Amino acid sequence: MPIQPIFSPDQSALRQYLSQWPKTLKSLDQFLLSLRLGDYNNPFSSEASGNVRHPRSPAFRPVDSGDLQGDGDGSDHDNDDAGDAAFSSLPRTAPRINRNTLTLKALELIRTVIGTTRWSSGAELLIILEGLGREFHSSYGKDPCLANIVRRVMNLVRGECDNVLSDNPPVGHPGNLTVNTTNLPNSTSNNAMSPPSQPSRTPSMTSLMFAQSAAMAAASQLPDTDLMSQHAARFRSDSLANSDESTPSSPPPSSSTPNPSNVSGVAAKVPPQYFEYRSDFRQLVMEAIQEVMDDLSDSSKSINDQSHLHIHSAQTILTYSSSKTILSFLKNAHTKYKRRFNVIVAEGAPHFGGWGMAKALEKAGIDATVINDSAIAAIMPRVDTLLLPAHAVLANGGVIGPSGSHLCALAAHENRVPVVVVTSIGFKLCPSYPHYGQDTYQDLQSPSVLLPPDPEAYWLDGSKVDLVSPVHDYIGPELVSLFVTNIGGYQPSYVYRLLVELYCPDDPVIFEE
């Protein structure tokens with residue numbers, strides 16, 4: 001039974017296509033179900049704490065801060081954070097997704113889909129990837145990390161297709177005027193490698209080709225026209241990069257294949273050469289995805305190796321709430337580069353992750369001080385550098401950070417304190433702009449974290465009060481001094497160049513039906 005190709009990135013079309021490989025479709029369903037059930041959350045959650053008490057309550061007692069001892073660019077609502085769970089008695093109603101693990105799992109799923117399905121061209125693979133992006137968006141659209149990973153893989157596919165085009169110019173293109181004379185009689189390497197445009201007394205490549213053709217025709221008693229057609233076929237074959245690998249090991253699907261006139265989505269806008277079949281294309285894409293996975297796995301080390309460039313002895317550093325990335329960044333500067341500095345940690349209400357952050361710093365031998373969020377502006381004149389994590393980096397150079405970080409950035413800007421955002425851009429760089437201001441990629445969590453220890457005492461009279469607990473803040477690029485990323489340090493004005501390198505502008509910004 002022939003394999004039915006896919007022509008549309010609609011979710012229904014993708015599922016009908018993947019139904020030809022039941023195990024692959026089951027893997028997709030299991031991943032989407034895990035997203036909805038929160039299987040990639042941190043082990044600490046609100047359900048794990050029985051009697052919830054306010055941190056100001058006398059019964060509040062911190063426990064071990066081992067949740068902050070990881071080295072990765074990791075988890076929590078600020079993409080890098082996971083320290084809020086340092087207190088088991090802390091109310092934890094908002095799920096804390098380990099986003100680094102989540103993106104690696106998504107890449108493994110994408111690699112499984114690419115490896116098991118029998119797509120026939122780069123355009124068809126783009127249709128499959130766009131369909132996966134829509135599936136991810138429908139299950140976990142509030143977080144841009146999965147969409148960013150899908151866009152990045154789509155850009156890799158486009159890059160491999162463009163490499164084929166550069167190696168295979170269209171007929172008549174100057175790139176196809178090279179002639180392979182290795183197997184022709186009396187041919188020399190000097191003649192074969194000399195540029196046609198260089199003046200020389202030796203015969204031109206065109207005259208050499210016709211002379212060798214006539215000689216071979218006379219020797220084999222074949223008509224010149226037949227021999228020329230044979231040479232033309234050989235020249236077209238030699239112009240292909242890796243011609244041995246480009247030979248299909250098995251013929252393409254016998255049913256009608258996608259072409260520019262019968263597909264939808266981003267594949268409808270690609271060049272016709274994207275629809276050509278190549279047997280080695282699958283292996284090239286798999287290797288490119290593996291490079292992305294290795295880059296994500298090594299991002300934390302790449303960031304930490306830059307800590308000595310931005311942290312110096314006798315400095316006073318302010319950070320907000322908790323972040324695994326910033327904690328690892330500070331510990332690396334202290335232990336590896338022997339920098340001695342002080343850290344002021346804003347407690348980060350209402351989750352108070354700064355308490356766990358301070359305890360983790362103290363265990364690493366770093367002097368730490370915890371302050372109320374309301375004291376940030378008062379303490380800022382004593383600060384040398386403000387370090388912030390990021391949930392997402394937007395196309396204009398702005399940052400989506402934990403709720404309350406905008407207050408820190410404003411105070412730092414007023415006091416001329418540099419604001420350094422420490423983050424990996426492997427899955428956090430977004431091609432979208434902050435069209436909705438503070439509501440960009442915003443999420444609301446349960447307001448139960450705002451309740452006092454004895455809420456009944458405040459509402460005995462039957463009054464009704466609305467409680468709102470946003471998760472993120474938007475920080476404009478004018479408030480950010482520098483990004484410290486896994487590929488180096490950049491100013492916000494350079495973000496557009498990073499977007500060009502990681503994503504294609506023709507791919508969707510939001511994967512919606």
Side-chain angles (χ1 to χ4, degrees), residues 62 64-76 78-84 86 100 294-348 353-371 376 379-390 401-402 405 408-409 412 415-426 480-491:
D64 184 27
S65 57
D67 187 53
L68 269 174
Q69 300 305 316
D71 296 327
D73 183 288
S75 49
D76 210 351
D78 65 346
N79 348 301
D80 307 322
D81 306 348
D84 297 347
N100 193 58
D294 295 340
D295 177 63
L296 292 179
S297 301
D298 298 337
S299 61
S300 179
K301 181 180 182 299
S302 302
I303 293 174
N304 292 340
D305 289 343
Q306 307 171 58
S307 59
H308 66 288
L309 302 176
H310 307 283
I311 298 178
H312 306 282
S313 295
Q315 274 191 334
T316 299
I317 299 171
L318 175 66
T319 185
Y320 180 79
S321 189
S322 59
S323 169
K324 274 187 176 181
T325 300
I326 292 182
L327 175 62
S328 181
F329 190 73
L330 295 172
K331 289 170 61 177
N332 191 75
H334 177 76
T335 58
K336 183 176 180 180
Y337 298 103
K338 308 303 180 183
R339 302 296 165 84
R340 299 298 178 259
F341 49 87
N342 302 318
V343 179
I344 300 176
V345 185
E347 61 181 1
W355 293 59
M357 181 76 168
K359 185 172 183 180
L361 290 170
E362 184 269 336
K363 291 181 65 175
I366 302 174
D367 295 336
T369 304
V370 180
I371 63 172
I376 290 175
I379 205 70
M380 192 61 71
R382 307 181 184 181
V383 175
D384 297 307
T385 303
L386 171 63
L387 296 183
L388 291 177
S405 56
C408 298
N415 291 273
R416 303 298 186 268
V417 175
V419 179
V420 179
V421 177
V422 184
T423 185
S424 168
I425 64 170
V480 179
S481 305
L482 185 70
F483 287 100
V484 178
T485 72
N486 55 307
I487 58 175
Y490 301 99
Q491 292 183 338

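A quick note: this is a predicted structure, and the numbers were derived from the prediction, not measured.
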If I compare all heavy atoms of Ala358 with all of Val370, which pair ends up nearest, and what's the gap? CB-CG2, 3.3 Å
Looking at every non-hydrogen atom in both residues, tell me the closest pair between Thr319 and Leu387 and how far apart they are. OG1-O, 3.2 Å
Using side-chain heavy atoms (C-beta onward) and a distance below 4.5 Å, is Val484 in contact with Phe329? yes
Side-chain heavy atoms of Ser424 within contact of Ile303, under 4.5 Å: yes
Gly348 and Ser321 have their tightest heavy-atom pair at CA-CB, 4.1 Å
CD1/Ile366 to CE/Met357 distance, rounded to the nearest 0.5 angstrom? 8.5 Å
Side-chain donor-acceptor contacts of residues 311-318 below 3.5 Å, not counting sequence neighbours, with atom names and distances?
{"from": "Ser313", "atom 1": "OG", "to": "Arg340", "atom 2": "N", "distance (Å)": "3.4"}
{"from": "Gln315", "atom 1": "OE1", "to": "His312", "atom 2": "N", "distance (Å)": "3.2"}

Minimum-distance pair of heavy atoms, taken over all atoms of Ala412 and Leu386: CB-CD2, 3.8 Å
Applying ring-ring contact (aromatic ring centres under 6.0 Å, His included), name anything that partners Phe341, two or more places apart in sequence or on another chain. none
Once you round to the nearest 0.5 Å, how far does NE2 of His310 lie from NE2 of His308? 8.5 Å
Any side-chain heavy-atom pair of Tyr320 and Ile376 under 4.5 Å: yes
Would you say the side-chain atoms of Asn332 pair up with the backbone N or O of Asn304, donor to acceptor, closer than 3.5 Å? yes
Only counting residues at least two apart or in another chain, list the ones meeting side chain to side chain donor-acceptor pair (under 3.5 Å) with Ser481. none
How far does CD1 of Ile371 sit from CD1 of Ile379, to the nearest 0.5 angstrom? 5.5 Å
How long is the gap from OG on Ser299 to CG on Asn100, to the nearest 0.5 Å? 5.5 Å
Could you grab the distance from atom CG of Asn486 to atom CG of Asp295, nearest 0.5 Å is fine? 5.0 Å
Enter the distance from Ser307:OG to Ile326:CD1 here, rounded to the nearest 0.5 Å. 13.0 Å
In sequence, state the C-alpha distance, the side-chain angles, and the governing distance for Gln306 and Thr485, and then conclude on side chain to side chain contact (heavy atoms under 4.5 Å, CB included). CA-CA 9 Å; Gln306 307 171 58; Thr485 72; 5.6 Å; no
Shortest non-hydrogen contact from Leu327 toward Ala360: CD2-CB, 3.8 Å
